[in-house]
Every structure is written in structure tokens, then in C-alpha cells.
Amino acid sequence: MILVDRVQMQAIDRYAIEVLKVPALSLVERASMAVLKHINLNKFGYFGVVVGVGNNGADGLALARNLLARYKDVEIFIIGDVEKASPEFKLNLESCEMLCEEIYYVESIEDLENMEKRLSNVNLIVDAIFGTGLNRPVTGIYATVISIINNVMKYKISIDIPSGLDASTGQDLGEVVDADLIVTMQLMKTGLYEREAYKRKCVIEDIGIPQKAIDSVIYGLVN
Ligand SMILES: NC(=O)C1=CN([C@@H]2O[C@H](COP(=O)(O)OP(=O)(O)OC[C@H]3O[C@@H](n4cnc5c(N)ncnc54)[C@H](O)[C@@H]3O)[C@@H](O)[C@H]2O)[C@@H](O)CC1
Ligand SMILES: [K+]
């Protein structure tokens with residue numbers, strides 16, 4: 001099994017997108033479908049999708065859009081400054097805005113209370129706050145959001161990595177989402193592999209990153 005740390009995974013994503021011209025939007029879409037594949041839609045019908053504004057959040061919004069497309073009930077919570085979000089995030093957000101009545105921006109204590117109340121009614125929570133972009137301790141509103149997600153005691157799926165876990169070292173960078181299932185993209189991350197409790201909850205899904213991108217970054221094979 002190939003193991004990659006945060007820096008290698010970011011380089012592989014970048015190589016695929018910038019050098020091999022794989023559209024980032026298609027990777028995000030594949031990531032969302034990879035997660036959808038692991039959701040039993042006969043069992044779960046009411047979802048809480050909690051997103052940060054990076055591409056982990058874009059994966060989450062694409063999943064929310066695909067659930068909304070199936071007339072599922074989805075509550076979307078956004079943490080962070082949307083102005084700074086990627087094009088993949090913004091495109092998926094526009095579509096989610098058309099498909100659901102309201103999107104919740106979590107900024108104040110009241111917003112956090114509203115989120116907690118709503119999350120206590122859903123059947124399944126999707127954690128799309130941080131993925132490989134997490135590179136410093138989780139503090140402030142992010143830490144509070146993660147503890148709320150853990151406290152409401154619902155089935156939780158983390159996209160790529162449980163938010164709060166260091167993708168390279170497996171260290172907790174503060175609060176970490178206590179995921180029941182982790183759908184990690186393309187390659188196993190060292191941080192997940194190091195931690196038995198996370199490793200056994202992991203499935204690895206191909207999202208269409210060419211092997212050439214992986215070989216180029218890991219083995220320095222470029223032609
Ligand atoms: N690069 C790509 O285009 C792809 C990314 N994918 C998904 O996107 C993720 C990586 O996306 P990003 O690189 O945008 O990063 P993330 O979405 O993981 O993180 C978002 C941003 O949070 C900020 N951040 C880091 N630590 C923080 C902290 N402690 N408190 C507050 N903010 C913090 C960083 O500036 C980071 O860019 C992957 O894990 C994966 O889920 C793949 O699904 C598809 C392809
Ligand atoms: K995550």
C-alpha cells in the first residue's frame with residue numbers, strides 16, 4: 001500500500017491538476033460520489049453536512065448537492081470565509097443554494113446553537129471541515145463546531161480525514177471528529193495509518209488521479 005503524507009498528497013493533487021490538466025471540479029465530483037457510495041440511502045434520509053471553505057468543503061458541498069438531487073433532506077453548515085473559497089467550492093455552493101431552502105453560515109454563538117439543535121435531528125453527519133489542508137492547531141469556532149459534532153452522537157462520515165487530525169503525523173491538532181467511517185481519497189495518508197483507531201474505519205477510494213501524478217511525486221518519475 002502506498003502511504004503519503006500531507007505534503008506529498010498536496011503535490012500529487014497539484015501535479016494532476018496543473019501538469020496533467022485533470023479538472024479539479026471532476027476530482028471533487030468523484031470524491032463526492034465516492035462518499036455517496038458508502039451511504040445507505042434506504043437507511044439514512046436526513047443529513048447534516050458541515051463544511052469548511054477549502055476543497056474538503058467543496059467535496060462536502062458536492063455530496064450535499066448529490067443528496068439534494070435525490071430529494072434527500074440536507075442541512076448545510078459553512079464555517080469560514082466563503083469569499084476565500086475555491087472555484088470548485090463556489091460552483092457547488094451556487095447549486096446547493098438553488099436546491100435547498102437555506103444554508104447556515106456559522107459565525108456567532110446563536111449560529112452554533114442553531115447548528116447543534118439542527119444536527120441533533122439529522123440521521124447522519126458529514127464532516128468536510130478540513131482535509132489535507134489542515135496544518136495548524138484547531139482553535140476557536142472550529143474547535144467548538146467539532147465538539148458539537150461529537151456531542152450530538154450521530155453516525156459520522158469524515159471526508160478524506162477526520163477534521164482535526166494531522167494527515168502526516170496522526171497527531172490530534174485539538175478536537176478531532178470522532179468519525180464512524182472515513183472515506184479517504186486516492187491514497188492512504190500516513191496520519192491515518194499511524195492511528196489504529198482511525199485506520200480500521202478507513203476506506204480508500206479512487207477519484208481519478210492519474211498514476212502518473214503519483215509516480216512523479218513519489219518516485220520522481222517525470223517524462
Ligand atoms: N486539491 C484538489 O483540488 C482536491 C482536493 N480534494 C479535497 O480537498 C482537500 C484539500 O483541500 P484544501 O487544500 O483546500 O484544504 P482543506 O479543505 O483541507 O482546508 C482548508 C483550509 O483551511 C485552512 N486551515 C488549515 N488549518 C486550519 C486551522 N487550524 N484553522 C483554520 N483554518 C485552517 C487552510 O488555509 C486550508 O487551505 C482534500 O483533503 C480532499 O478532501 C480532493 O477531493 C479532490 C482534489
Ligand atoms: K474532513
Side-chain angles (χ1 to χ4, degrees), residues 4-36 48-64 77-92 106-107 125-146 149-150 156-168 171-192 198 201-202 204-210 213-214 217:
V4 288
D5 63 17
R6 175 178 56 243
V7 173
Q8 288 172 318
M9 192 65 231
Q10 286 171 329
I12 290 167
D13 281 343
R14 228 175 14 249
Y15 194 95
I17 295 163
E18 291 173 13
V19 180
L20 303 178
K21 305 295 177 194
V22 177
L25 195 58
S26 77
L27 297 177
V28 166
E29 190 66 12
R30 286 276 298 265
S32 77
M33 296 311 286
V35 180
L36 188 63
V49 180
V50 187
V51 304
V53 295
N55 267 352
N56 196 252
D59 294 349
L61 286 182
L63 173 63
F77 303 91
I78 299 181
I79 333 290
D81 183 357
V82 173
E83 295 286 307
K84 295 182 184 154
S86 67
E88 296 76 47
F89 182 100
K90 287 180 177 163
L91 281 167
N92 278 292
V106 183
E107 290 164 358
I125 297 175
V126 176
D127 152 37
I129 305 169
F130 298 121
T132 50
L134 182 73
N135 56 8
R136 55 186 187 273
V138 176
T139 56
I141 194 157
Y142 292 97
T144 310
V145 166
I146 292 174
I149 289 174
N150 288 337
K156 295 179 274 302
I157 299 183
S158 284
I159 301 186
D160 208 16
I161 298 163
S163 296
L165 191 77
D166 185 309
S168 293
Q171 253 188 316
D172 293 355
L173 291 175
E175 292 279 341
V176 181
V177 171
D178 183 16
D180 296 288
L181 178 70
I182 302 158
V183 182
T184 201
M185 302 310 159
Q186 202 72 42
L187 296 166
M188 177 56 100
K189 316 300 181 296
T190 45
L192 291 169
Y198 294 113
K201 292 174 178 169
C202 253
I204 305 170
E205 287 290 347
D206 183 345
I207 60 165
I209 292 179
I214 299 165
V217 170

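What you see is a predicted model; the values in this text were computed from it and never measured. Each ligand, and each atom within it, is numbered from 1 in the order the structure gives.
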Do any nitrogen or oxygen atoms of [X] lie less than 3.5 angstrom from nitrogen or oxygen atoms of ligand 1?
X	value
Tyr142	no
Phe130	no
Ile159	no

Does ligand 1 have a heavy atom under 4.0 Å from the side chain of [X], from its backbone, from both, or from neither?
X	value
Asp59	side chain
Ala58	neither
Asn55	both
Asn56	both
Ile161	neither

Is the K ion (ligand 2) less than 3.4 Å from at least one N/O/S atom of [X]?
X	result
Phe130	yes
Asp127	yes
Ser163	yes
Ile161	yes
Ile159	yes

Could you identify the single nearest non-hydrogen protein atom to [atom] and state the distance to 0.1 Å?
atom	answer
atom 45 (C) of ligand 1	Leu27 CB, 3.7 Å
atom 39 (O) of ligand 1	Asp160 OD2, 2.5 Å
atom 13 (O) of ligand 1	Gly133 CA, 4.1 Å
atom 10 (C) of ligand 1	Thr132 OG1, 3.3 Å
atom 35 (O) of ligand 1	Arg136 NH1, 4.4 Å

Sub-4.0 Å atoms of ligand 1 with respect to non-hydrogen atoms of [X]:
X	result
Pro137	29 (N)
Ala31	43 (O)
Asp13	1 (N), 4 (C), 5 (C)
Gly131	16 (P), 18 (O), 39 (O)
Asn135	25 (C), 26 (N)

Please list all pairs meeting side chain to side chain donor-acceptor pair (under 3.5 Å) that have one or both residues in residues 183-192, counting only residues at least two apart or in different chains. Asp160-Thr184, Asp160-Lys189, Thr184-Lys189, Gln186-Asp206

Just so I know, are the side chains of [X] and [Y] near enough to count as touching, which here means a heavy-atom distance under 4.5 Å?
X	Y	result
Leu25	Asn92	yes
Ile182	Pro162	yes
Phe89	Val82	yes
Asp172	Leu165	yes
Val138	Ser163	no
Asn150	Ile146	yes
Glu88	Leu61	no

Return yes if some donor-acceptor pair links the side-chain N/O of [X] with the main-chain N/O of [Y] below 3.5 Å, else return no.
X	Y	answer
Lys84	Gly54	no
Arg6	Asp166	no
Gln10	Thr132	yes

Please confirm whether Gly52 comes under 4.0 Å of ligand 1, counting heavy atoms of the residue only. no

Identify, with sequence neighbours excluded, every residue that meets ring-ring contact (aromatic ring centres under 6.0 Å, His included) alongside Phe77. Tyr104

Show the nearest heavy-atom pair for residues [X] and [Y], with the distance to one decimal.
X	Y	answer
Ile161	Gly131	CD1-C, 3.8 Å
Val177	Ser158	CG1-OG, 3.7 Å
Ala64	Val49	CB-CG2, 4.2 Å

With respect to Lys156, which candidate in Asp127, Val50, Val126, Ile149 satisfies the side chain to side chain contact (heavy atoms under 4.5 Å, CB included) definition? Ile149

Counting heavy atoms only, which of Ile129, Leu134, Ile17 comes nearest to atom 26 (N) of ligand 1? Leu134

Less than 4.0 Å from atom 37 (O) of ligand 1, is there any heavy atom belonging to the protein? no

Is there a protein heavy atom less than 4.0 Å away from atom 21 (C) of ligand 1? no

